[in-house]
Engineer: 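Handing you this structure, nothing more for now.
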2 protein chains.
Amino acid sequence: MSISDRKLMILKAIVDDYIMTGTPVGSRTIAKKSDINVSPATIRNEMADLEEEGYLEQPHTSAGRKPSDKAYRLYVDTLMRASSLTNEEISFLKQYMKNKFSDVSNVVETVAETLSELTNLTSVVLVPDAKNKELQRIQIVNLGEHNALVLFVFRDGDVKNFRVKMPKDIDDQYLDNISNWLTDFVKGKTLEVALTDMKELSMDDIDVYQQFGLNLLNMVLNNVESSGSKNIVLGGAKNIFNYPEYQDINEARNFLTLLDTKDALYKVLADNKDLELSIRIGKENDREELKNMSVVTATYRMDNKEIGTFGVIGPTRMDYAKVITILHYISESMDTIFKNEK
Amino acid sequence: MSISDRKLMILKAIVDDYIMTGTPVGSRTIAKKSDINVSPATIRNEMADLEEEGYLEQPHTSAGRKPSDKAYRLYVDTLMRASSLTNEEISFLKQYMKNKFSDVSNVVETVAETLSELTNLTSVVLVPDAKNKELQRIQIVNLGEHNALVLFVFRDGDVKNFRVKMPKDIDDQYLDNISNWLTDFVKGKTLEVALTDMKELSMDDIDVYQQFGLNLLNMVLNNVESSGSKNIVLGGAKNIFNYPEYQDINEARNFLTLLDTKDALYKVLADNKDLELSIRIGKENDREELKNMSVVTATYRMDNKEIGTFGVIGPTRMDYAKVITILHYISESMDTIFKNEK
DNA sequence: GTTAGCACTCGTATATTTAGAGTGCTAACA
DNA sequence: TGTTAGCACTCTAAATATACGAGTGCTAAC
C-alpha cells in the first residue's frame with residue numbers, strides 16, 4: 001500500500017517541525033506552516049491514517065503527534081532534503097575544518113570536538129585499534145636512572161609510548177642498536193603479527209634482543225587489549241542539555257551514564273565499521289540503552305582499510321540531514337590531511 | 001574571643017552531619033547523635049550563638065542550620081580528624097593505586113580517573129606545561145610519501161609528536177642524522193631555551209639542520225602555547241549528580257559548563273602550583289564561578305620542580321578529610337613511579 | 001473529498017490546603 | 001547561672017483541588 005503524496009508531505013512537515021521544536025505537533029501548525037493548502041480538519045484525517053500506519057504516535061489524547069522511529073526511517077531514506085545547509089554554511093564548514101585540522105597532532109580529539117560543535121550533539125570517535133595498525137618504528141629512549149621510554153610509531157602517525165625500567169643503565173648506543181634491530185624486524189607488521197613472528201625466531205638469532213623485543217611486544221599488546229573499552233573519545237557531552245526533553249535530571253543523568261559505559265558505545269561503533277554511513281534510529285539499535293536514541297556514524301577509509309569511525313549520538317529527533325552533511329565534510333577534510341597533502 | 005569546647009564539638013558535629021547528608025541539621029539530630037549529652041534546647045542556644053558568630057547559616061526560619069564557609073575553614077584547620085579512613089581503607093587505597101599506576105603511559109589521565117573514583121568528586125589535573133620541561137630527545141620518523149613525524153621526548157617521559165610534510169622523500173639515514181644533531185643540541189634544555197640558543201648559532205654551523213631545527217622548534221612552541229587553555233584533564237564530571245543539591249538541572253548544567261571553561265580551572269590550578277596542598281573553600285576562591293564550590297589541590301614536586309598539580313572540585317560540603325588523604329596517597333604513589341622504581 | 005463546528009480529553013499551570021520539622025522564647029528547675 | 005521542658009510560631013514541601021487550553025475525533029454541511 002503506497003502512501004499518497006499529500007500524506008508524505010504532511011509527514012515530512014511533522015518530522016521537520018518535531019525535529020525543530022521537540023513538542024508534539026498539531027494539525028493547526030501544519031496547516032499554517034506548510035504549503036499544503038488544506039484545512040486543519042483534513043490534516044487531522046490524514047494524521048489519523050498516518051498514526052494507524054505506524055508513522056505517528058500520540059503521547060496522549062489531547063496532544064499533537066510525534067514521529068515514530070518508522071517515520072524517521074522513511075524521512076531519512078526518502079523524505080528529507082539531502083542537505084539542509086546553505087552554500088554559505090557549507091563554505092563556512094569547510095573553512096572551519098581546514099583551520100581545525102591544520103596543525104593537528106591528535107586527530108581523534110579534533111574530530112570529536114569539531115563534530116560536536118558543528119552538530120550540537122554528542123560526538124563519539126573510535127580510536128583506531130592499535131592492534132591492527134602497521135608499525136613503522138620502535139625507538140627506545142633512555143630517560144636516565146634506569147628508566148627508559150619505548151616508543152611505538154605506527155604507519156598512520158600514531159604513537160604509543162611505555163615507560164619501562166631497566167635492570168641497569170644501558171648505553172645509549174646500545175639502546176639505539178636494539179631499537180634498530182626491533183624496527184627492522186617489525187616494520188610493516190601489525191603488533192600481533194610481529195609478536196608471532198618473533199616467537200618463531202630461532203634461538204640462533206641475537207638472543208638478548210629477541211628476548212627484550214618479545215617482552216616489549218607482549219607488554220604493549222596486553223596494554224592495548226586491556227584498555228580495549230577505552231578506545232573511544234567523546235565530545236560535547238553536555239550538548240544534550242540543549243534538548244528540552246532532557247531537562248529532566250534523570251534523563252540527563254542516564255544519558256551521561258550511558259556515555260560512561262564506553263563498552264556499549266564501542267560496540268556500536270565497532271559494529272558499524274564496515275559501513276561508510278550508518279544510521280540507527282531508536283529501536284533499530286541493538287543495545288537496550290540506545291533504544292530511544294539515534295546513532296549516526298561514518299567510517300573513513302583509505303586503501304580499503306578503515307582509518308577511523310566517528311559519529312554522533314543523540315535524541316531520535318536529531319537533524320539527520322545536517323548531521324550527515326557534516327560527517328561527509330569531515331571525511332573530506334580527513335582526505336585532505338591524509339592524501340592531498342602527503 | 002575564643003569558643004568553648006562544647007561549641008566546637010557541636011560545630012564539628014554539625015559539619016560532619018551536613019557533609020554526610022547535605023540537609024540542614026537541627027538541634028535534635030545533634031543531641032541524639034553526638035556524645036555531648038545535653039538537651040536539644042541547650043544545643044539550640046549554642047547554635048544561635050554560632051550563627052551570630054558567622055559559623056552557621058539558616059536557609060529559612062524553620063530549617064536547621066548549615067555550616068558557613070567560615071565554619072568549613074575552621075573545620076579544615078582544626079576540627080576534623082586528620083583522616084576519616086580506617087586502616088583497611090588505606091591499605092585498599094594503596095593497593096588500588098599500585099594497580100592503577102603499574103603500567104601507565106598516560107599518567108595524567110590515570111591520576112584524573114583514580115582521583116575521581118576514589119573521592120566521588122570531579123577531578124582536575126593540570127597537564128605539566130611542556131614549555132618548561134627538559135627535552136631528552138628529538139626523533140624524526142619517516143612515514144613515507146613525504147610525511148614525517150617529529151617526536152619530542154621529555155625528561156619526564158612525556159612525548160609530543162607532530163606530523164610534518166617534507167618537500168621530498170628523504171633518506172631515513174639522513175633523518176636520523178638530523179635527529180641526532182637536534183638531540184645533541186636540545187638535550188637538557190627546555191623548548192624555549194633551545195629555541196633562543198639555536199637562534200644564536202652562527203651560520204657556519206650546518207645550515208640545513210639548523211634551519212630545519214628552528215622551524216620545528218618554532219612550530220612546537222606555537223602549538224604548545226596555542227593549546228594553553230586545554231592543558232587540563234577532567235575526571236568524573238558526572239559525579240556531581242551524586243549530590244542531591246545538584247539535582248536541579250540548572251545547577252548541574254552550570255557546573256558542567258564551568259568544567260568546560262577550562263581557562264578558569266587552569267587559572268585556579270596554576271595559581272596553586274606553589275602550594276603542596278591548597279584548600280579553597282567557597283568564597284575563598286577568586287573566581288566568581290567558584291564562589292560556592294571548594295577546590296582542593298595538591299602539587300607533586302621532585303627536585304623542587306613541580307611535576308603535576310591535581311585536585312578535586314565540588315560542593316563546599318565535600319569530605320575534606322577523605323579528599324586530603326587521597327591526594328596524599330596519590331602523591332605517594334607518584335613517588336613510587338618517579339623515584340623508587342627508577 | 002473537504003471543512004466548520006463543537007463536545008470531549010487530558011496534561012500542565014496555578015491556587016489552596018495540610019503536615020511536619022525546626023525554631024525561639026518563657027518559665028521552671030538543679 | 002546554666003539547663004531543660006513546653007509551646008506558640010514560622011516556613012517549606014507535599015498533597016490536593018481548580019482552571020485553562022491545546023488538540024482531538026466526530027458530525028453534518030458544503
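Throughout, protein chains are lettered first and strands after them, A, B, ... in sequence-line order, and every chain is numbered starting at 1.
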Engineer: I'd like to know whether NZ of A:Lys7 has more than 12 heavy-atom contacts from other residues, nucleotides or ligands below 6.0 angstrom.
Structural biologist: yes

Engineer: For the CD atom of B:Glu51 and the CD atom of B:Glu57, what is their distance to the nearest 0.5 Å?
Structural biologist: 8.5 Å

Engineer: Applying side chain to side chain donor-acceptor pair (under 3.5 Å), name anything that partners B:Lys12, two or more places apart in sequence or on another chain.
Structural biologist: B:Asp16

Engineer: Walk along nucleotides 9-24 of chain C from 5' to 3' and tag each nucleotide B, S or - by protein heavy-atom contact under 4.0 Å, base first, then sugar-phosphate.
Structural biologist: BBS---------BSBB

Engineer: Using a cut-off of 6.0 Å, state whether more than 12 heavy atoms not belonging to A:Lys283 lie near its atom NZ.
Structural biologist: no

Engineer: Does a nitrogen or oxygen in the side chain of A:Thr42 sit under 4.0 Å from OP1 or OP2 of C:dT3?
Structural biologist: yes

Engineer: Atom OH in B:Tyr72, atom OG1 in B:Thr316: separation rounded to 0.5 Å?
Structural biologist: 4.5 Å

Engineer: Among residues 242-252 of chain A, which contact DNA chain D at a heavy-atom distance under 4.0 Å?
Structural biologist: none

Engineer: Describe, as an angle rounded to 10 degrees, how the axis at the first end of the helix from C:dG1-D:dC30 to C:dA30-D:dT1 is tilted relative to the axis at the last end, five pairs per end.
Structural biologist: 20°

Engineer: What is the distance from CD of B:Glu46 to P of D:dT1, rounded to the nearest Å?
Structural biologist: 17 Å

Engineer: Side chain of B:Arg6: nearest nucleotide among C:dA4, D:dT3, C:dT2?
Structural biologist: D:dT3

Engineer: Identify, with sequence neighbours excluded, every residue that meets side chain to side chain contact (heavy atoms under 4.5 Å, CB included) alongside A:Asp248.
Structural biologist: A:Asn250, A:Glu251

Engineer: If we only count heavy atoms from C-beta on, is the A:Leu258 to A:Leu290 side-chain gap below 4.5 Å?
Structural biologist: yes

Engineer: Could you work out, with side chain to side chain donor-acceptor pair (under 3.5 Å) as the rule, every residue matching A:Tyr18, not counting sequence neighbours?
Structural biologist: none

Engineer: Is A:Arg28 atom CZ crowded by more than 12 heavy atoms from other residues, nucleotides or ligands, each under 6.0 Å away?
Structural biologist: no

Engineer: Any side-chain heavy atom of A:Glu46 sitting closer than 4.5 Å to one from A:Val38?
Structural biologist: no

